[in-house]
Engineer: 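One structure follows; several queries about it will come next.
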Amino acid sequence: MITDKDIARINELYHKSKNEGLTPEEKQEQAHLRGAYITAIRKNLRGNLERIQIQNPDGTVENVKDRLKKKKKYYH
């Protein structure tokens, strides 16, 4: 989980990289924090998308997650 403190550190490292450059340790820290941030964003987005429901023309309602499973099964 990414915290506000982590986001602040990402921003701090970004600004430092633009102004004076980063040490190898700071570059590694920046890469780690950015990776964690991206992972958190992807999990959040996936969770939101999986809760979406679609109403079909025939009136039935299905979850996006279930619909994706059906399509994957159809194509494989």
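Heads up: numbering here begins at 1 and tracks the sequence.
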Engineer: Taking a hydrophobic cluster as the set of Ile, Leu, Val, Met, Phe, Trp and Tyr residues connected by side-chain heavy atoms closer than 4.5 Å, whether directly or through intermediates, do L45 and V64 fall within one such cluster?
Structural biologist: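 In one cluster with L45: V64, yes.
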Engineer: Okay, side chain of E26, backbone of T23: is any donor-acceptor separation there less than 3.5 Å?
Structural biologist: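 Checked: pair present.
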Engineer: Would you say that Q55 contacts T60 through its side chain, given a criterion of any heavy-atom pair below 4.5 Å between the two side chains?
Structural biologist: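 Q55 vs T60: side chains apart.
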Engineer: Quick check: do I2 and I7 have side-chain heavy atoms less than 4.5 Å from each other?
Structural biologist: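 A side-chain contact exists here, since the closest heavy-atom pair is under 4.5 Å.
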Engineer: Hey, does Y14 have a side-chain heavy atom less than 4.5 Å from the side chain of R9?
Structural biologist: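 No, every pair of side-chain atoms sits at 4.5 Å or beyond.
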Engineer: Is there a side-chain contact between I38 and I41, using heavy atoms and a 4.5 Å cut-off?
Structural biologist: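 Not in contact.
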Engineer: Roughly how far, to the nearest 0.5 Å, is CG of N48 from NZ of K43?
Structural biologist: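 Going from NZ on K43 over to CG on N48, the span is 14.5 Å.
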Engineer: For E12, look at atom CD and say whether over 12 heavy atoms of other residues, nucleotides or ligands are found less than 6.0 Å away.
Structural biologist: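 Count over threshold, so yes.
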Engineer: Begin with the C-alpha distance, continue with both residues' side-chain angles, and end with the deciding distance and a verdict on side-chain contact (heavy atoms from CB on, under 4.5 Å) for R46 and R42.
Structural biologist: CA-CA 6 Å; R46 181 169 298 280; R42 286 181 178 155; over 6 Å; no
Engineer: Closer than 3.5 angstrom, by distance alone: can the side chain of T39 be matched with the main-chain N or O of G35 as a donor-acceptor pair?
Structural biologist: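 Yes, because the side chain of T39 sits within donor-acceptor range (under 3.5 Å) of the backbone of G35.
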Engineer: So do E50 and N63 actually touch side chain to side chain, heavy atoms under 4.5 Å?
Structural biologist: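 They are not in contact (no side-chain heavy atoms under 4.5 Å apart), so the answer is no.
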Engineer: Decide yes or no for I10 and Y37: does some side-chain heavy atom of the first lie under 4.5 Å from some side-chain heavy atom of the second?
Structural biologist: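 Side-chain contact under 4.5 Å: yes.
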Engineer: Look only at the side chain of D6 and the backbone of T3, and say whether a donor-acceptor pair between them is shorter than 3.5 Å.
Structural biologist: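 Between the backbone of T3 and the side chain of D6 there is a qualifying donor-acceptor contact (under 3.5 Å).
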Engineer: Just by modelled atom types, is the H15 backbone N or O under 3.5 Å from a matching donor or acceptor in the N19 side chain?
Structural biologist: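 Answer holds: yes.
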Engineer: Report, as yes or no, whether the 6.0 Å neighbourhood of atom NZ on K65 holds more than 12 heavy atoms from other residues, nucleotides or ligands.
Structural biologist: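 Atom NZ in K65 is not packed in, count stays at 12 or less.
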Engineer: Go through it in stages, so that I can follow the logic: the residues are L13 and E29, the test is side-chain contact (heavy atoms from CB on, under 4.5 Å), and I'd like the CA-CA distance, side-chain angles, deciding distance and then a yes or no.
Structural biologist: CA-CA 9 Å; L13 289 170; E29 179 187 7; 4.0 Å; yes
